[in-house]
Amino acid sequence: MRKNQEEINEIQNIEIELLLEALYRRYGYDFRDYSRAHVKRRILNRLASSQLKTISNLQGKMLYDKQYFESLIRDLSINVTEMFRDPAFYRLIRKEVIPVLKTYPFLKIWHAGCATGEEVYSFAIILKEEGLYNRTQIYATDFNRDVIETARRGIYSIENIKNYTAKYQKAGGKFSFSDYYLAKYDSAILNQSLKANIVFAEHNLVTDSVFAEVNMVVCRNVLIYFNRDLQNKVLKLFDDSLIKGGFLGLGTKETIMFSNIASKYTCINPKEKIFKKKIS
Amino acid sequence: MQYKAVVIGSSAGGLNALKSVLPLIPAGFPAAIFVVQHISPDSDNYMARFLNQRSKIHVKEADDKEKIEVGTAYIAPPNYHLLVEEDFTLSLSVDEKINYSRPSIDITFETAAYAYGSQLVGIVLTGANTDGAFGLLTIKNYGGYTIVQQPSEAESSIMPSEAIRLVKPHKILKLNDLVMKLLEPGFILPK
């Protein structure tokens with residue numbers, strides 16, 4: 001008997017809840033409070049490109065087959081990033097944040113949800129050019145082991161370099177972007193010196209806790225994938241990590257305005273979403 | 001069937017088309033409208049402001065996790081996909097481009113279909129690529145109502161032609177008639 005699409009939709013919503021529950025209980029990855037539209041779309045795409053008939057079948061396969069679970073995790077994670085994404089953000093960092101950071105003898109910066117690392121290295125370049133890199137410890141974290149490995153390697157496709165060069169300049173770059181990489185075949189290998197003070201580590205914003213006290217948290221275009229409750233929870237985690245007077249840099253469409261920590265911060269720039277934790 | 005939401009996708013020539021459609025929608029229109037217009041990733045929210053100034057309904061750029069209100073047109077921001085949640089809030093995403101586009105029409109159409117099912121109207125307007133056709137098919141499969149702009153009237157006929165080929169929509173209409181259809185008594189569920 002052919003069910004109508006609305007009935008199927010209702011069944012699929014139940015199946016998705018069960019799948020996310022199973023994924024969490026079997027493997028510890030918690031997508032239950034991710035944007036449901038995002039999760040559903042990814043799961044339905046995976047289903048459509050598989051031989052499986054239903055999400056329930058997919059759940060069974062995921063529970064028993066570790067490799068299948070890993071491909072599902074790749075489907076659900078968000079790994080789109082680029083160097084100097086939103087150049088205005090980096091210009092503002094130079095203008096408003098760096099002068100304050102310069103007043104500290106030693107700095108810690110946390111890039112949370114760093115994916116393949118392009119934005120971490122962008123930030124590292126800014127710190128170098130501003131003479132701060134040598135006294136900075138950068139933590140770059142993501143829950144996805146594969147992307148952390150890519151980030152650690154710091155080797156990117158040469159195809160993107162033209163775009164990155166333009167963005168580097170728009171972001172207020174002081175030298176030539178080609179100073180920072182070595183072109184080899186179709187790859188751009190970032191300079192080893194950029195990595196010296198970066199620690200790459202697995203950390204899951206949803207299930208793990210604070211691990212350091214930091215002067216700045218950068219977490220761009222990650223919170224939009226979460227529902228309001230989870231956004232609130234993760235912002236609390238950032239707040240617990242930040243020293244008083246520390247900075248929080250979010251994506252251009254993200255805000256702390258509707259969260260419980262809003263009153264503890266001032267907004268440095270409403271467009272680029274850089275917030276400063278109040279001293280008192 | 002009475003519909004609760006309208007989703008519009010447009011690309012090349014779309015701003016002109018939207019300028020002929022949105023200002024004709026009366027204040028208090030009892031449905032929410034989602035608009036995905038392909039736009040340069042570096043542009044600001046000019047389009048939303050421009051259309052808002054000319055419209056009787058509220059036109060704004062969509063915010064992440066914003067609650068959907070009727071009588072409002074939400075524009076997908078440049079360089080973000082717009083997703084409709086089933087709890088009737090909005091989400092943004094920076095996922096890969098789809099059909100070379102971010103925002104992509106397909107992703108908004110698909111997620112709006114999940115959320116509104118058979119109570120959704122999908123409209124494909126002028127454009128020079130094929131984004132939106134697959135999403136419109138999803139809307140039709142979920143029981144929604146599908147309209148495509150008459151290709152001969154469109155500034156660029158590729159997108160409407162592809163949507164017509166793939167979907168066989170309920171109606172193929174000129175912009176004026178398309179607005180008349182939306183305003184037909186009983187077509188949209190009264191508030």
> Donor-acceptor check, side chain of A:Glu6 to backbone of B:Ser118, threshold 3.5 angstrom: yes or no?
yes
> In terms of heavy-atom pairs under 4.5 Å, which option from A:Gln12, A:Gln231, A:Glu254 contacts chain B the most?
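Most heavy-atom pairs within the cutoff with chain B belong to A:Gln231.
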> Side chains of B:Ser91 and A:His38: does their closest heavy-atom pair fall under 4.5 Å?
no
> Got more than 12 heavy atoms from elsewhere within 6.0 Å of NZ, B:Lys140?
yes
> If we count only N and O atoms by modelled type, under 3.5 Å, do the side chains of B:Tyr80 and A:Asn221 hold a donor and an acceptor together?
yes
> Just to be sure I understand the criterion: a residue of residues 40-53 of chain A counts if one of its heavy atoms is under 4.5 Å from a heavy atom of chain B. Which ones qualify?
A:Lys40, A:Arg41, A:Arg42, A:Leu44
> Can you tell me if OH on A:Tyr34 sees more than 12 non-hydrogen neighbours from other groups inside 6.0 Å?
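Enclosed: over 12 neighbouring heavy atoms sit under 6.0 Å from OH of A:Tyr34.
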> Using heavy atoms and a sub-4.5 Å threshold, report which of residues 79-95 of chain A line up against chain B, by residue number.
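Contacts with chain B: A:Val80, A:Arg85.
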> Who in residues 58-66 of chain B is close to chain A, using a strict under-4.5 Å heavy-atom cut-off?
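If one takes a 4.5 Å heavy-atom cut-off, the residues of residues 58-66 of chain B near chain A are B:Glu61, B:Asp64, B:Lys65.
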> Is atom CD of A:Glu21 surrounded by more than 12 heavy atoms (other residues, nucleotides or ligands) closer than 6.0 Å?
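Correct, the count exceeds 12.
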> When rounded to the nearest 0.5 angstrom, what distance separates OH in B:Tyr142 from CD1 in A:Ile8?
8.0 Å
> Need one label for A:Phe226: side chain, backbone, both or neither, based on atoms under 4.5 Å from any heavy atom in chain B.
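Contact with chain B involves the backbone of A:Phe226 alone.
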> Can any side-chain N or O of B:Glu85 pair as donor or acceptor with the backbone N or O of A:Arg36 at less than 3.5 Å?
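It does hold such a pair.
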> Name the region of B:Asp42, side chain, backbone, both or neither, that has any atom closer than 4.5 Å to a heavy atom of chain A.
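Side chain of B:Asp42 only, per the 4.5 Å heavy-atom cut-off to chain A.
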> Crowded around B:Lys56 NZ? As in, over 12 foreign heavy atoms under 6.0 Å?
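Result for NZ/B:Lys56: enclosed.
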> Inspect the surroundings of CD in B:Glu184 and state if more than 12 heavy atoms from other residues, nucleotides or ligands are less than 6.0 Å away.
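Counting other residues, nucleotides and ligands, CD of B:Glu184 exceeds 12 neighbours.
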> Only heavy atoms, only distances under 4.5 angstrom. Which residues in residues 92-104 of chain B are near chain A?
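The residues closer than 4.5 Å to chain A, in numerical order, are B:Leu92, B:Ser93, B:Val94, B:Asp95, B:Glu96, B:Ile98, B:Arg102.
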